[in-house]
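Below: one structure, written as structure tokens.
What you are looking at is a predicted structure, and each value in this text was computed from that prediction instead of being measured. Each chain gets a letter, A, B and so on, in the order its sequence line appears, and its residues count up from 1.
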2 protein chains.
Amino acid sequence: MICSAAALFSSRGLSGTSFSDVIADSGAPRGSIYHHFPGGKTQLAADVIAWTSEQVLAHLRACPADTARGVLAWFIELWRRSVQASGASAGCPVAGIVVDVDRDADAGAAAGDLTGQARAAFADWTGVLAGQLQATGMPEARARSVATASLAAMEGALILCRVERSSVPLEDTARELLNLVP
Amino acid sequence: MICSAAALFSSRGLSGTSFSDVIADSGAPRGSIYHHFPGGKTQLAADVIAWTSEQVLAHLRACPADTARGVLAWFIELWRRSVQASGASAGCPVAGIVVDVDRDADAGAAAGDLTGQARAAFADWTGVLAGQLQATGMPEARARSVATASLAAMEGALILCRVERSSVPLEDTARELLNLVP
DNA sequence: GTCTATACGAAGATAGAC
DNA sequence: GTCTATCTTCGTATAGAC
């Protein structure tokens, strides 16, 4: 169900996806939603962020490369698979959530704070990526900068791919990204 | 009113923004919405895309640079202003719209086709940018690739800035982007 | 735990008066 | 053209039976 919601959020956004959509898509029982997600839609979104983050981290940790170029290529491969599997229709679920959330209203809310959860997820991703770049001999400051830029480039590339109905923007972005490192 | 809607779409997404929000924010009269936007919310979104696109193109056309690095810096400056003016809260209005739209359902719709309008806008932006890069002596294929990657990087950077509540991701991304060209 | 039914509110869109 | 009022739909969330 979380998996299903992640797919829907990535292609229609958080506000654009209703509980009914998630139920219809996942086949989950309607009456038991609030047993599993007492916090309602916000909690579902929070769980989607956590689940997505874990998926990303699992991929990153399996990185076999020991060169900066190889590390970036492995990172890019994660997003390439997402684009190809969905016919260039899926974006990043986390992006689909945060774009729909009023950041300031969200920060005040005691329960939820989706923006904060997304921030933590992004920080984890760039942290691991920067660590791997450092391990190839790149200085820490540069590694963090490259990691942030890489995530930004991929998030944006996914948006462009969706709009273009094509994986070309991802490949263009990937090619240039690899030009950043020796 | 379009300007107001653009700001709201960029910070809360299309589905996350209601007509009431736009009215409250812009001070426009409630009863006359459907005089100005007979197509309803979809048409408002379409007009926001067109308006935003024109803003971006106007900025790009005013580019004073004649080096690849200068061209990219000018392009980056456009997004930097947006981030700084909003306290890192605003994303790209076009991104806020397309993320919330079901791409496939949208393509079938006769009226609207927001994804198509967004595609045209992005194509215009990268087209102008690629042209300027070519004018500095960059080969066409590379210029198009760099232009696409630059737009992707900025769109993604805006998302990261919003989540981080900081302009640092933009600056990191900008620094690396400039490393792509001599 | 899962289901059906429903309360409650919000949002898009329309009608008709001024 | 603009306003008020309203209709209809939809979505979240809850209540209570099985």
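A:Thr17 comes within 4.0 angstrom of the backbone, heavy atoms only, and of no base.
In this structure, the nucleotide among C:dT2, D:dT12, D:dT2 sitting nearest to the side chain of A:Ser32 is C:dT2.
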Checking side chain to side chain contact (heavy atoms under 4.5 Å, CB included) for the pair B:Val181/B:Thr136: CA distance, chi angles, key distance, verdict? CA-CA 11 Å; B:Val181 296; B:Thr136 70; over 6 Å; no
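Taken from CG in B:Leu14 to OG1 in B:Thr42, the straight-line distance is 7.5 Å, to the nearest 0.5 Å.
Sequence order on DNA chain D of the closest nucleotides to A:Gly40 and B:Ala28 puts B:Ala28 first from the 5' end. Nearest-nucleotide assignment on DNA chain C puts the 5′-proximal partner with B:Gly39, out of B:Gly39 and B:His35. Mapped onto DNA chain D by nearest heavy atom, A:Gly31 and A:Ser20 fall at different nucleotides, with A:Ser20 at the one closer to the 5' end.
Among all heavy-atom pairs drawn from A:Arg142 and A:Leu180, the shortest one is NH2-O, 3.3 Å.
Rounded to whole angstrom, the span from the CZ atom of B:Phe19 across to the C1' atom of C:dG9 amounts to 19 Å. Summarising the geometry, the separation between CG on B:Asp21 and C1' on C:dA10 is reported as 11 Å, rounded to the nearest angstrom. Regarding A:Tyr34, its OH atom lies at a distance of 5 Å from the C1' atom of D:dT12, rounded to whole Å. Rounded to an integer number of Å, the gap from NE2 of B:His36 to P of D:dC3 is 10 Å. The distance from atom CZ of B:Phe37 to atom C1' of D:dT2 is 15 Å, rounded to the nearest whole Å. A straight line from CZ of B:Arg30 to P of D:dA5 spans 12 Å, rounded to a whole angstrom. As a whole-Å value, the separation of A:Gln43 CD from D:dA13 P is 11 Å. Rounded to an integer number of Å, the gap from CD1 of A:Ile23 to P of D:dA13 is 12 Å.
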Without placing hydrogens or testing angles, list every side-chain donor-acceptor pair under 3.5 Å for residues 26-39 of chain B, not counting sequence neighbours.
from    : atom 1 : to      : atom 2 : distance (Å)
B:Ser26 : OG     : B:Val22 : O      : 2.8
B:Ser26 : OG     : B:Ala28 : N      : 3.2
B:Ser32 : OG     : B:Pro29 : O      : 3.4

